[in-house]
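Encoded as structure tokens, the structure appears first; notes follow it.
In the text below, chain A, chain B and the rest are named by the order of the sequence lines, each starting its count at 1.
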Amino acid sequence: MRYNPAKIEKKWRKKWFKEKTYEPDLVRAKNPYYNLMMFPYPSAEGLHIGSVRTFTGVDIYGRFKRMQGHDVFEPIGLDGFGIHSENYALRINQHPMKLAKVTEKNFYRQLSEIGNAFAWRERLETYDPAYYQHTQWLFIQMFKHNLAYRKKAKVNWCPSCLTVLADEQVIAGKCERCGTPVVKKDLEQWFFKITDYAERLLANIEKLDWSDPIKTAQRNWIGKSEGAELEFRIKNHESSIKVFTTRPDTLFGATYMVLAPEHPLLANSTLQMANREAVEKYIQAAAQKSEIERTAAGKEKTGIEVKGVSAVNPANQEAIPIWISDYVLATYGTGAIMAVPAHDERDFEFAKKFKLPILQVIEPNSSFIVVISRSLNKNFYEQIQKFAKVTPGTGTWNGLNLIYTEEVGKVFDIAEKNFTSGPWYIHSEGPVKKILLHAADGKNERFDWGNKDEFRKAYEFGIKIEIKKEQLDFSDVYAAYIGEGVLINSGKFNGLKSEEAKWAITKAVGGEKKVQYRLRDWLISRQRYWGPPIPMIFCNDCGWQPVPDKDLPVKLPFIREFRPTGTGASPLASVKSFHQVKCPKCQGRARRETDVSDTFFDSAWYFLRYPSVHAKISKLEIPWDQEITRRWLPVDMYIGGAEHSVLHLLYSRFMTMALHDWGLVHFEEPFATFRAHGLITKNGAKMSKSKGNIVSPDSYMKAYGVDAIRLYLAFLAPLTEGGDFRDSGIRGITRFLMRVWNFYQDPKIKLARVSDEKIQKLVSQTIQKVSRDIQNLQYNTAISALMIAMSGFEKSPENVSKEDRMQFLKLLSPLAPFITEELWSIWKQKGTIHHSRWPEARVEKASDTAEFIIQINGKTRAILEFPRNISEAGISASLAKNNALAKFFIAPPKKVVFIPGRLINFVI
RNA sequence: GGGAGAGUGGCGGAAUUGGUAUACGCGGUUGACUUAAAAUCAACUGUCCAUUUGGACUUGAGGGUUCGAGUCCCUCCUCUCCCACCA
């Protein structure tokens, strides 16, 4: 029979669907495994080849888990609400609500073709009222738990999309979607208080089985820093300015202050400004500047002094000038800083430009103490001695005092410190940029010289790093910052070490210790049409009231004029029948909120909904069944794009944590394991319609079959790596599939009952390799192993037992589900291959012999078989007789390195 | 400017984590089959000498540690991604 992928794919797809092959029993499953991929936002262009790779990649893993005995749940849905879809509708001049129906159909068609083991019954769409009634319910819960609040704030406004953007959607000052520079606009908005959870979101990261870059990205996004909040009085005025600083020890060096242009004090009319007009002009100019202009890299700082007003440095009661500059962010800390130009690069730059006084208050200490190594080897000593010698007169060696390094070109003190046991020495030759720390447990830790966090870590580890004044330019901020300097010009605090002084000074001036996060509250409101209406009603008498549960969902009405108005109001604001409502409390006249919520809110909880899509839940209740949720969640394996490493993943964690605190879910973290897949590019660029480089999977699937495409995409590279799409290698895969097909064509062939030893070994190795590789998402090498196995089979087909043939099919089945299912049935096996048990590698008898790598001077000269337990003497004697190697043994070797059972190396 | 990561044949990529570098596949060369082509099958395919049996050199560049380095350390170069005035 000829291999006809189209025919067999159609047949099995239908059968699997009919027999619910991939629908686990959500209520009773014994061994649940929630295998999830990030659900796509559907564009009418359809799936591109990159998403097919991700989806099938996730599916391969799920099928593998199923055969290992798990009840795998692999749901699919569409993240169809939001700017993505709406912008697309705008572009092609169609109504998003109508368009959604079209894209939905197209997407589900494509998704059904790629051979994934989706649980089709549980699909969901975020724009379906049956779904977003729960989204709205959750909003109300957020409100009731004081996690949703309104705030008038400067928001990021995209003049092109005519909407407000979250900070996360502003990329280097530009709109994430259209690249237009973002401006600031004042609007009253709904926010979620994610900052309440900053500390837990940060702390929990440690516990997650996520790839490290993603964890780092989340840590940086949360951006914790510890410092103090200090208050500066304003001279001859009742108000004061609060600042946040991580360096309260430098307070005496604060020679001026800088306020953000948006700082509320500047609007205070009782302030006696001598140059109010000029100040207001500056503020206005700053407001009009786009984010990108204000934050452009290397941009020269601008600013204006507030004349006639001064602040009082609480440390020494000296009057210091107040400046305004847009390098100070209104949204971080208190929107004001104390400027210490001697110890901060930006302040320094500013002070130089405007000729402001610079006062040094930290004197780097004279002894430089580092690090390292209790396992001193002799080279270490030699190096240290070498350096010590080249700088005669710089100190004693025996007491380990001075050492020379090139970078700073100066001398460092090395002294023994109070470590529990030592000695600890500097480990460096040449420039000291990185410092190697040998910890007690034998692990090495590296500390980056230029990185203040790393240095803090070193500091906490108990290593004091102090820097001589003449050793560094004062502009080397990080070094100076970290250097445990000693205070000077600081009155009674002189002589105190930085770290002690921080809190002593804070206390003395009545400041308080404070932790500051970079993370800001999550802006939920969108002045757009295509999203779930925010279920809130404003009544003049009763204030903001949630829509009563019984009135959910607040349906998004079909309106003709869905385009953004550009006025800052949602298109829904012009629909009277929508927003004219009664107050749920007093029944008086009230106005419904006309903004919709952010798409990221839809996707922050969808994984909770999937297993409960068909559970019996009234809309007044929690949107998921407690029993089912307990069984299936948290998600076991989550795979998605690295571009969501902060936004979606952080929001989902936040939501889950809040729900946990309200007792609605039993876990804090939604995704036990997360892996980011690689990005498939085309001609080096991300696939996008605008670049015209979208590769559609349809024609490929038609031409080669789905199995071939799945294999090919898996074969490109490990799933976690990306790559450029080329179809040149696809022939290798079709050849392989053809060989597999042909090999299994005759089920009546006479076969050995048991494979010969060689085949047995091959099968066993392949099982091991494929199992390990699929577990690690390295499908490329799994396929390679299967190809090797097939080549081995083809050399002696009659020696491959039926059992081993079936083992091979099973190994291939997650990757190529159709062809294997067909061959499985041709060979009259019971049921579906996809519910068969994953093969276990035969436990091989440890053979008595082993292959030894024979090296001469570290170079491999031969690989020979010897008894596994042969001794060094035994192997040497035997090798001396070996003709090919005899020439190396004219003289006895200087040294022999012998690793039993594995390797012998003769140094001659 | 900060953070994360990567440099291996003509190409995609392997290398049980310090022990045969270039698995597997693409592409290429030659041959078989064919009137011919495609498909298929077989052999070869990192570079340079010797071309027989070998030998030398090769993982961005340079240095180091080691009996032994693609893998660990240092310096430099190049590229990709993320973040970006966060006090």
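- Among B/C24, B/A14, B/A87, the nucleotide with an atom closest to any side-chain atom of A/Pro718 is B/A14.
- Considering only the side chain of A/Arg518, B/C83 comes nearest among B/C83, B/A23, B/G27.
- Look at A/Arg520 and you won't find any side-chain N or O under 4.0 angstrom from OP1 or OP2 of B/C86.
- Regarding contacts with the backbone of B/A14, a side-chain N or O of A/Asn780 is found under 4.0 angstrom from either OP1 or OP2.
- The nucleotide whose nearest atom lies closest to any side-chain atom of A/Leu903 is, among B/A87, B/G19, B/A39, B/G19.
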Stepwise salt bridge (Lys or Arg N to Asp or Glu O under 4.0 Å) test for A/Lys224 and A/Glu199 | CA-CA 8 Å; A/Lys224 179 178 181 174; A/Glu199 187 57 48; 2.8 Å; yes

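- Nearest to the side-chain atoms of A/Ile788 among the listed nucleotides B/C26, B/C85, B/A23 stands B/A23.
- For B/G28, the base adopts the anti conformation, since its glycosidic angle falls more than 90 degrees from zero.
- Of the candidate nucleotides B/C41, B/C67, B/A87, B/A87 has the atom nearest to the side chain of A/Ser225.
- Taking syn as a glycosidic angle within 90° of 0, B/U45 does not qualify and is anti.
- Atoms OH (A/Tyr327) and C1' (B/G1) sit 16 Å apart, rounded to a whole Å.
- Between the NZ atom of A/Lys795 and the C1' atom of B/A42 there is a distance of 12 Å, given to the nearest Å.
- Taking the side chain of A/Phe715 as heavy atoms from C-beta on, and the options B/G12, B/C85, B/C86, the nearest nucleotide is B/G12.
- Annotation: A/Lys353, atom NZ; neighbour count of heavy atoms from other residues, nucleotides and ligands within 6.0 Å is above 12.
- The side chain of A/Arg219 contributes no N or O atom lying less than 4.0 Å from OP1 or OP2 of B/G3.
- Taking atom CD of residue A/Glu229 and atom P of nucleotide B/C86, one finds them 18 Å apart after rounding to whole Å.
- For A/Tyr517, no side-chain nitrogen or oxygen approaches OP1 or OP2 of B/C86 to under 4.0 Å.
- Taking the six-membered ring where tryptophan is involved, the planes of A/Trp323 and A/Phe350 are perpendicular, since the angle between them exceeds 60° and thus also 30°.
- Nearest to the side chain of A/Asn905, among B/G27, B/G68, B/A84, sits B/G68.
- Inspection of the A/Thr302 and A/Tyr282 side chains reveals an N or O donor paired with an N or O acceptor under 3.5 Å.
- Mapping A/Lys769 and A/Ser791 onto RNA chain B via the closest heavy atom, the residue that lands nearer the 5' end is A/Lys769.
- Considering only side-chain atoms of A/Val328, the nucleotide from B/A87, B/G25, B/G3 that sits closest is B/A87.
- Rounded to whole Å, the distance from CG on A/Asn776 to P on B/G13 is 18 Å.
- With B/C67, B/C85, B/A84 as the candidates, the nucleotide lying closest to the side chain of A/Val897 is B/C67.
- For the pair A/Arg518 and A/Trp221, the cation-pi test (distance below 6.0 Å, angle within 45°) is passed.
- Dashed line: the shortest gap from a side-chain N or O of A/Arg735 to OP1 or OP2 of B/G25 is not under 4.0 Å.
- A/Phe898 has its side chain out of reach of A/Leu903: every pair of non-hydrogen atoms, C-beta onward, lies at least 4.5 Å apart.
- Under the Watson-Crick or G-U wobble criterion, with both distances below 3.5 Å, B/G9 has no partner in any strand shown.
- Side-chain atoms of A/Gln855 and base atoms of B/G68 include no donor and acceptor less than 3.5 Å apart.
- Distances from the side chain of A/Ala717 to the nucleotides B/G3, B/G68, B/G13 place B/G13 closest.
- Across all strands shown, A/Ile337 has heavy atoms under 4.0 Å from base atoms, whether or not it also approaches the sugar-phosphate.
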